[in-house]
Engineer: 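Okay, handing you the structure first.
Throughout, a chain's letter reflects where its sequence line sits, starting with A, and its residues are numbered from 1.
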Amino acid sequence: MVLDFSSMEGKWQKAWYDARINESEPAPGTKKFFMIFAYPGVTGYLHVGHMRGYTVSDAIVRHKMMTGHRVLFPVGTHATGNGAISFARKVERGDPATMDILRSNGCPDETLDRLTDPVEVVRFFNEVYVNDYWKRFGFMSDWRRFTSTIYPDYTKFIEWQMLKLQAEGLLTQKPYYAPACVEHGPVAIDASETDISRGGDAEMLEYTILKFDFEDGRKLVAATLRPETVFGLTNFWVNPEVEYVDARVGDETWVVSRPAAEKLSLQMDSVEIVGSADGASFMGKRCTAPLTGRAIPIFPSLLCDPDIGTGLVMSVPSDAPVDWIGLVELRRDVEERKKYGITEAMIAEASPIAIIDTPGYGPLPAVEVTERIGIDSLDDERLDEATKEVYKTGFHKGVMNSSCGEFAGWQVEQAKDAVRGQMLDRGHASMFYDLSEVVLCRCGNRVLVKKIPDQWFIDYSNPALKKRSKEHALTMRIFPKEYYDNIQNVLEWYRERACVRLGNWLGTRFPIDRRWIVEAIADSTLYPIHYVTSRFVNEGKVAAENMTEEFFDYVLLGRGTPADVERATGVGQSVLDAIRSEFDYWYPLDVNLGGKEHMTVHFPVFLMNHVAILRPQHWPRGIIVNWYITSTGGKISKSKGGAQPIPDAAERFGVDAMRLFYAHIASLYVDVAWEDGKVESYSDRLERIWSFIGDLVSAEDSGPTDMDAWLAARMQSRLADLEGYMEAYDLRSYANDVFFEMAQDFKWYLKRGGGSAEAILGALRLWIPLMAPVTPHMAEELWERIGMNPFVSTVLLPKAELSEAATVEEKGERLVAALMEDISEILKVTSIRPSKIVLMVAPRWKHDMVGSAVASTDKNIDIGQLIKETMKSAPQEARREIPAFAKEIAMEVSRTPVDERRKAYVAVDELEALGRAKRFFSDQFGCEVHVFSADDPARVDPKGRARHARPGRPAVYVE
RNA sequence: GCGAGGGUAGCCAAGCUCGGUCAAAGGCGACAGACUCAAGAUCUGUUCUCGUAGGGGUUCCCCGGUUCAAAUCCGGGCCCUCGCACCA
């Protein structure tokens, strides 16, 4: 590394923050731009992947700063939930992995002791995020506005938000089933296992439990995922080796497994175990199926697991391979049958009943599939796969047949809900929720599904809210385009969402019932607003306790009079009005950027809460979704690279190189694998640019040339392209032009003999500022080096000026460059070492013909007309060529859209342009070069190449 | 299952919205040359294939279609990734 990136970074960051160019002050009358990225949850150290979205945000914000906007780009942290709590617990018990991470990130021992307190954990990581990540990357954030979701003022803001939702009639209450630890209350089940120690992949299953009347009045209770198959019931399975219990539920007695009784007791009002029931005692007896009223035999099955469902199973051999094979085995196993007194006749009675017409199958899919695969034992591992196959096709494509009473002819998918609904209505069934696998809380206790009878929800299904939100989303600038389209569907499908939770969590007490804590998604929907108020709190102008409902109503909704509000809140009118006018200045939010995980969670509720609570002029204007930096083959991890602490990576690669990596490596809308080598190549690229610019400024001034105008023109057309890219937040194209293409422009300028110090400096005064959004530190350093005053970060980029003359300049150079390639190609193919190159530009009449073709405003050029017109003016000897050439030209021009033709075919004096480039060609190919017009009698053209000359493509003769 | 996105030359990755200007940007890697005592770095050129004239042939997952023309539009198939709710 020839450049000391690290000290450059420190130098400029200090300078920026000392000069406070990052601080956001409203300036009424000027353009403003307000952007945030979704704040990180405080759960530990972040990794280099997280910096992608943050860096892109900063680059966008910096570009806005340089295009005449006041910007507000605040940061904060999300500490709600139990992330910090579980982190503190891990520190407390000295969890080796956690301690290792802390130490390898350089956390001093004396700090470790502090981190057993969740609030200290939040405080600690707030510092880490701000200092080691965001400031370290040179962000233009207004640090005075930092806030965190557990700060008292934030809490007051959330209370207000919940009160507003209630006032809008958007809070509802109803029963809810949620996974919960017996000891610690509700927990989240997710793959990262933040709350739990086992079972992150578990899913919540929705069972229907069906009650079968037994002869003594008890009910045998089976759980099923396919209630519509009751019509195909032939028998009932009970495990003869299990001790079941009698459970008193309401005024009924249910027979279920002991674990099932315990689970049910969490979900039903009164469940009391009153006795036990020996599984074997039911063998060979009968019970009565719900809905059909059929009396079916009870058979033994060791597959009935007391931990799954209720431990009792209903048997549908027509569509469940396991049930069918169970019967097959039982028929075969004379011993077992004898033991429980089950006769062949009873088994025959339990023959499968066809109930579903499944496309591609006969009437009994389970029998068919097991026979086809050759399964005849319950031990066969392929049973699972057979079950999946039958279940999938039957459920999604099947139709209930005539055995299904009133449901005959129904799609199975629809029949499921209808059949269940009927049985629920008649008291034959209940709902029961269970997890698909064993889940253990961090404390070691089982996590089970628990009924919360009075759960609060935010009602996102509210039709008016949904409609307004969808309409507003159509007016927003949402990237990528695919999400702009899809958010309509997301909003459409949104239902009510639980918004508060019980238990020991960090967060805001629910103002309507303080037993609850506002849930982590619900408290981060409207929060961009709070960056306006947080500043006043952090500066001591308002205290959290004064931030009452009246306070927020006044500053955010414009309700009440200053005098009344001052009286009610104790906040002075001048402060109230300062906050209110800042809010009016900065709001609405222009862009909210967040990772793709937010697409179905945060962004929809962010949008809907704004729409629900704020006035329309304050609804958000834009969303950008970013994809992830991953590691090769998965998440960032220690073994695969990219897991080094962010400050270490910054030190190793340089912040600007990392920023360029994030900006340029790929579109923001694809996942990218982190590779150290790639980041290093961006470091190299920056060093090359650095030394290249060094060479440019230290080179001797060789005075003005024709190329100076070209360089200036080129800069303007680059500038115009770049403006377009940033309009769509396309940072990748922007970086590609600035850091790769523009360097090529300078090289071409030099190659073509340019060398004016003034022209170069003029171009650098544009190029270097254009780098600043992406690589601000190096840009500042370069800026200083070419003798400009700091800061390049606050330079106002000019608007691109595109003139006709500039277009001609560029076209002329394109002609030269294209000709270079053509000549090289010819030399390569023919292996000629040239002693002479003759260039012949197309004759006048060909240019004229192109000119009149381009002048036509018709989409399709009239060839006849073109020929006639050209015949009039073209020289006699050209006549024979005219028709064929006219056809070519007409077809070619027709392909170019009418409004682009003028620019694409702008007329260039080729003879003059090549005349100027003669020296250049001669130097490049090391031989003499002659330029003629193709109809110049003096031309040297023994092979008759001249007739190939076309406008934009001169003929070439080499010898 | 529901919903979304994707499969482009050795690798990564643009292009696909608005079909032609696409053998397809850019980067990396590889090869050759320059510089150098040498290595590295840097610079220049080449990098599907054939070709003694700027051209031809075959390509953008597979099959089929629309069109004068398809990487781009339409239909079908195969494969991959992601989100799915109290998890930020």
Engineer: Quick one: salt bridge (Lys or Arg N to Asp or Glu O under 4.0 Å) pairs with a partner in residues 490-499 of chain A, sequence neighbours left out?
Structural biologist: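 Of all non-adjacent pairs touching residues 490-499 of chain A, those that pass salt bridge (Lys or Arg N to Asp or Glu O under 4.0 Å) are A:Lys174-A:Glu496, A:Lys470-A:Glu492.
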Engineer: Do the charged groups of A:Glu680 and A:Lys678 touch, with an N to O distance under 4.0 Å?
Structural biologist: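 No, A:Glu680 and A:Lys678 are not salt-bridged.
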Engineer: We want to know whether A:Gln924 and A:Ser824 form a side-chain donor-acceptor pair, criterion being a heavy-atom distance below 3.5 angstrom.
Structural biologist: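 Note: A:Gln924 and A:Ser824 side chains miss the donor-acceptor criterion.
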Engineer: Ion pair present between A:Arg688 and A:Asp684, side-chain N to carboxylate O less than 4.0 angstrom?
Structural biologist: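 A:Asp684 and A:Arg688: not salt-bridged.
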Engineer: All N/O contacts under 3.5 Å from nucleotides 41-44 of chain B to the protein, with atom names and distances to one decimal?
Structural biologist:
from	atom 1	to	atom 2	distance (Å)
B:rU42	OP1	A:Arg688	NE	3.0
B:rU42	OP1	A:Arg688	NH2	3.3
B:rC43	OP2	A:Arg688	NH1	3.4

Engineer: Return the pairing partner of B:rC84 with a 3.5 Å limit on both distances, Watson-Crick or G-U wobble; otherwise return none.
Structural biologist: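 Pairing partner, where one exists within any strand: B:rG1.
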Engineer: Going by the salt bridge (Lys or Arg N to Asp or Glu O under 4.0 Å) test, which pairs reach into residues 949-959 of chain A, not counting sequence neighbours?
Structural biologist: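 Listed by first then second residue: A:Asp822-A:Arg953, A:Lys836-A:Glu959, A:Glu888-A:Arg950, A:Glu892-A:Arg950.
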Engineer: Sort out the partner of B:rG19 for me: Watson-Crick or G-U wobble, both distances under 3.5 Å, none otherwise.
Structural biologist: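 Here B:rG19 is not engaged in any pair, so there is no nucleotide opposite it.
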Engineer: Restricting to pairs with a member in residues 596-607 of chain A, which pass salt bridge (Lys or Arg N to Asp or Glu O under 4.0 Å), not counting sequence neighbours?
Structural biologist: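 Pairs touching residues 596-607 of chain A that pass the test: A:Lys596-A:Asp671.
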Engineer: Quiz question: by atom type and distance under 3.5 Å, do the side chains of A:Tyr460 and A:Asn609 form a donor-acceptor pair?
Structural biologist: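 Looking only at side-chain atoms, A:Asn609 and A:Tyr460 do form a donor-acceptor pair, the distance falling under 3.5 Å.
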Engineer: Please give the nucleotide sitting opposite B:rC31 as a Watson-Crick or G-U wobble pair, both distances under 3.5 Å, or none.
Structural biologist: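 The base-pairing partner of B:rC31, which may sit in any strand shown, is B:rG45.
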Engineer: List the residues meeting ring-ring contact (aromatic ring centres under 6.0 Å, His included) with A:Phe739, not counting sequence neighbours, and say none if there are none.
Structural biologist: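 So A:Phe739 forms no ring-ring contact (aromatic ring centres under 6.0 Å, His included) with any residue.
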Engineer: Is the terminal nitrogen or CZ of A:Lys747 (NZ for Lys, CZ for Arg) located under 6.0 angstrom from the six-membered ring centre of A:Phe692 and within 45° of that ring's axis?
Structural biologist: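 Judged by the rule, A:Lys747 and A:Phe692 form a cation-pi pair.
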Engineer: Across nucleotides 5-19 of chain B, 5' to 3', mark each nucleotide with B, S or - according to how protein heavy atoms within less than 4.0 Å reach it.
Structural biologist: SS-----SSS-----
Engineer: Between B:rC80 and B:rC62, how far apart are the C1' atoms? Round to whole Å, please.
Structural biologist: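 It works out to 15 Å between them.
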Engineer: Which protein N or O atoms sit under 3.5 Å from an N or O of nucleotides 29-34 of chain B?
Structural biologist:
none

Engineer: In chain order, what residues pass the ring-ring contact (aromatic ring centres under 6.0 Å, His included) check against A:Phe746, with sequence neighbours excluded?
Structural biologist: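 Per chain and number, A:Phe746 pairs via ring-ring contact (aromatic ring centres under 6.0 Å, His included) with A:Trp767.
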Engineer: Among all residues two or more places apart in sequence or in another chain, which pass the side-chain hydrogen bond (donor to acceptor under 3.5 Å, both in side chains) test with A:Gln455?
Structural biologist: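 With sequence neighbours excluded, A:Gln455 shows a side-chain hydrogen bond (donor to acceptor under 3.5 Å, both in side chains) to no residue whatsoever.
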Engineer: Applying a 4.0 Å non-hydrogen cut-off, can you work out what A:Thr600 is touching in the nucleic acid: base, sugar-phosphate, or nothing?
Structural biologist: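 Result for A:Thr600 = sugar-phosphate.
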Engineer: Among residues 939-946 of chain A, which contact RNA chain B at a heavy-atom distance under 4.0 Å?
Structural biologist: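 The stretch gives A:Arg945 as the residues lying under 4.0 Å from the strand, ordered by number.
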Engineer: Using the test ring-ring contact (aromatic ring centres under 6.0 Å, His included), find all partners of A:Phe606 that sit at least two apart in sequence or belong to another chain.
Structural biologist: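 ring-ring contact (aromatic ring centres under 6.0 Å, His included) check on A:Phe606 returns A:His602, A:His610.
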Engineer: A:Phe740: what forms a ring-ring contact (aromatic ring centres under 6.0 Å, His included) with it, not counting sequence neighbours?
Structural biologist: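 Only A:His664 meet the ring-ring contact (aromatic ring centres under 6.0 Å, His included) criterion with A:Phe740.
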